[in-house]
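These notes concern the structure reproduced below.
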Protein chains: 2
Amino acid sequence: MLNQHYNITSAMKDTKQCIIDEGTHLIQTRGYHAFSFQDISNKVGIKTASIHYHFPTKTDLAVAVVVSQKETTEKHLHNITSNGALTEREKIKLLCQSILATTYLSEEKMCLAGMLAIDILTLEPPVAQAVQNLIGSIEATLAKLISNGAKTNEFRRDIDAQSTATALMATIEGTLMLTRLFKDENRFTDAMDVIISRLL
Amino acid sequence: MLNQHYNITSAMKDTKQCIIDEGTHLIQTRGYHAFSFQDISNKVGIKTASIHYHFPTKTDLAVAVVVSQKETTEKHLHNITSNGALTEREKIKLLCQSILATTYLSEEKMCLAGMLAIDILTLEPPVAQAVQNLIGSIEATLAKLISNGAKTNEFRRDIDAQSTATALMATIEGTLMLTRLFKDENRFTDAMDVIISRLL
DNA sequence: TTCAACATACCTATTAGTAGGTATGTTGTA
DNA sequence: TACAACATACCTACTAATAGGTATGTTGAA
């Protein structure tokens, strides 16, 4: 896992990315204030002091985690939105399924943005800004999909893309939160089915 | 503030309740893992060690906070549901307004249940159970209101009380989370208007 | 004189972060 | 092409601060 004295091969991610990945996982499962450098140290196999070499402060790490996630998410979103074989409604449904699969169904993780959003009052401004950017990006994609569907009369006539996207985003976060609380994935599926069928 | 050497008057809540109230406030603003006994000590004017006299562990305090909140909330919910002058739809809207007023509009607080629900993987079972009970209670009230409205044909014909209540609960939590993130109360109002008008 | 409700004084564990050192890799220049 | 100078990526050892928690002492009121 360590790069010290070794060449980096294709099968070996560099340490910095390992730290980001493990940080992402820890934030999604335990939250910002419930994970420590020691947790990362144990998983990555690097001393806590060495983590500071890559990320001087915990805030720096958190920012890197969110920025990295934004890139990954945008690629993923693009894969869905650019699929010409799907209707806009199908794209939105697929997006929801995809979120469930990468969060609760993957070690009961929460959405990264949501997990950090809840700590907004205790996060330093750079992290808060990064989280806003991440949520903003996902919401913009949703609004675009709804807007597209509206043009082709795929959705209800009087739909408002922006407020509907906002409501959809909120329901995704909230339902994920309650799915984790009750450990019942049907909560997510049922709630999203109701919302999508009524809102769109 | 302290009761030591003083009689408890009507204007003076007892220390135990003061600790619970301050704990409630701290959890709603900072979250479980970002508040300490020292924070409570500073606000209540009691030494941290003395808090342990009333609540042996942090878990005990958290449970007391949630149980206390459940009682308060249920009284509040009853005041709304038992108001004969309101339609079921009006009751639900009032309930949403009331939640916004007591959370984001009050020092940017989050819903207590939501704030703890997010930490489900790091909370001890008694706390998790208490949070489930609290959310369950609110959700049951919502389901009852929807069920009542359905009987009087106040809502859409094909409405399902339980799944609609679940979706509504999720949207309330999620929209509150994003309202705090972006510090924009219109997010709550807009999203809830869309949801209520489409779902009910 | 008992005892509830505190305070004092501590403990152990953990936190993020720092200081200084070391082995290896890279690079510009003579 | 040799090598000094520097960069990279770690290490050990440490710090100050904070966390939740405990054992024991004090005090005023019933």
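Note that the structure is a prediction, hence the values are computed from the model and not measured. Here is the naming used below: chain letters follow the sequence lines, and residue numbers restart at 1 for every chain.
Between B/Arg187 and A/Glu139 there is a salt bridge, with a side-chain nitrogen of the basic residue lying less than 4.0 Å from a carboxylate oxygen of the acidic one. Salt-bridge formation is detected for the pair A/Glu88/A/Lys91: a Lys NZ or Arg NE/NH1/NH2 atom is positioned less than 4.0 Å from an Asp or Glu carboxylate oxygen. Taking the charged nitrogens against the carboxylate oxygens, A/Lys70 and A/Glu74 do have a contact shorter than 4.0 Å, which makes a salt bridge.
Straight-line distance from the CZ atom of A/Phe35 to the C1' atom of C/dT15: 12 Å, rounded to whole Å. One can place CD1 of B/Ile40 at 14 Å from C1' of D/dG21, the figure rounded to the nearest angstrom. Spacing between atom CD1 of B/Ile46 and atom P of C/dA5 amounts to 10 Å, rounded to whole angstrom units. Between the C1' atom of C/dT15 and the CZ atom of A/Arg30 lies a distance of 13 Å, rounded to the nearest Å. Atom CD1 in A/Ile51 sits about 11 Å away from atom P in C/dG17, given to the nearest Å. The distance from atom CG of A/Asp14 to atom P of D/dT8 is 13 Å, rounded to the nearest whole Å. Atom NE2 in A/His33 sits roughly 11 Å away from atom P in C/dA16 (whole-Å rounding). The distance from atom CG of A/Leu61 to atom C1' of C/dG17 is 14 Å, rounded to the nearest whole Å.
Closest to the side chain of A/Lys47, out of D/dC11, D/dG21, C/dC6, is D/dC11. Side-chain proximity of B/Gln38 to the nucleotides C/dG17, D/dA19, D/dG20 is greatest for D/dA19.
Not one side-chain nitrogen or oxygen of B/His52 sits closer than 4.0 Å to the OP1 or OP2 atom of D/dA23. Under 4.0 angstrom from either OP1 or OP2 of C/dA5 there lies at least one side-chain N or O belonging to B/Tyr53. Look at B/Thr15 and you'll find a side-chain N or O under 4.0 angstrom from OP1 or OP2 of C/dC6.
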B/Asn186 and B/Thr189: side chain to side chain donor-acceptor pair (under 3.5 Å), yes or no, with the steps? CA-CA 5 Å; B/Asn186 293 324; B/Thr189 329; 4.7 Å; no
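The overall bend of the helix from C/dT1-D/dA30 to C/dA30-D/dT1, read as the angle between its terminal helix axes built from five base pairs each, is 10° when rounded to 10 degrees.
Using modelled atom types, one finds a donor on one side chain and an acceptor on the other under 3.5 Å when comparing A/Ser98 with A/His76.
The cationic atom of B/Lys16 (NZ for Lys, CZ for Arg) lies less than 6.0 Å from the six-membered ring centre of B/Phe55 and within 45° of the ring axis.
In this structure, the side chains of B/Thr166 and A/Leu178 stay at 4.5 Å or more apart for every pair of heavy atoms. Within the 4.5 Å cutoff, side-chain heavy atoms of A/Glu107 are placed close to those of A/His25.
Within the nucleic acid shown, B/Phe55 has no heavy atom closer than 4.0 Å to any nucleic acid atom. Here A/Phe37 lies in heavy-atom contact (under 4.0 Å) with sugar-phosphate atoms only.
A/Tyr53 and A/Ile51 fall into different hydrophobic clusters, where Ile, Leu, Val, Met, Phe, Trp and Tyr are joined by side-chain heavy atoms under 4.5 Å apart, directly or via other members.
Ring centers of A/His52 and A/Phe37: under 6.0 Å apart, within the cut-off.
Looking at B/Ser50, its side chain has no donor and acceptor atom pair within 3.5 Å of the base of C/dA5.
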Generate the contact string for nucleotides 9-14 of chain C. Rules: B means base contact, S means sugar-phosphate contact only, - means no protein heavy atom under 4.0 Å. B-----
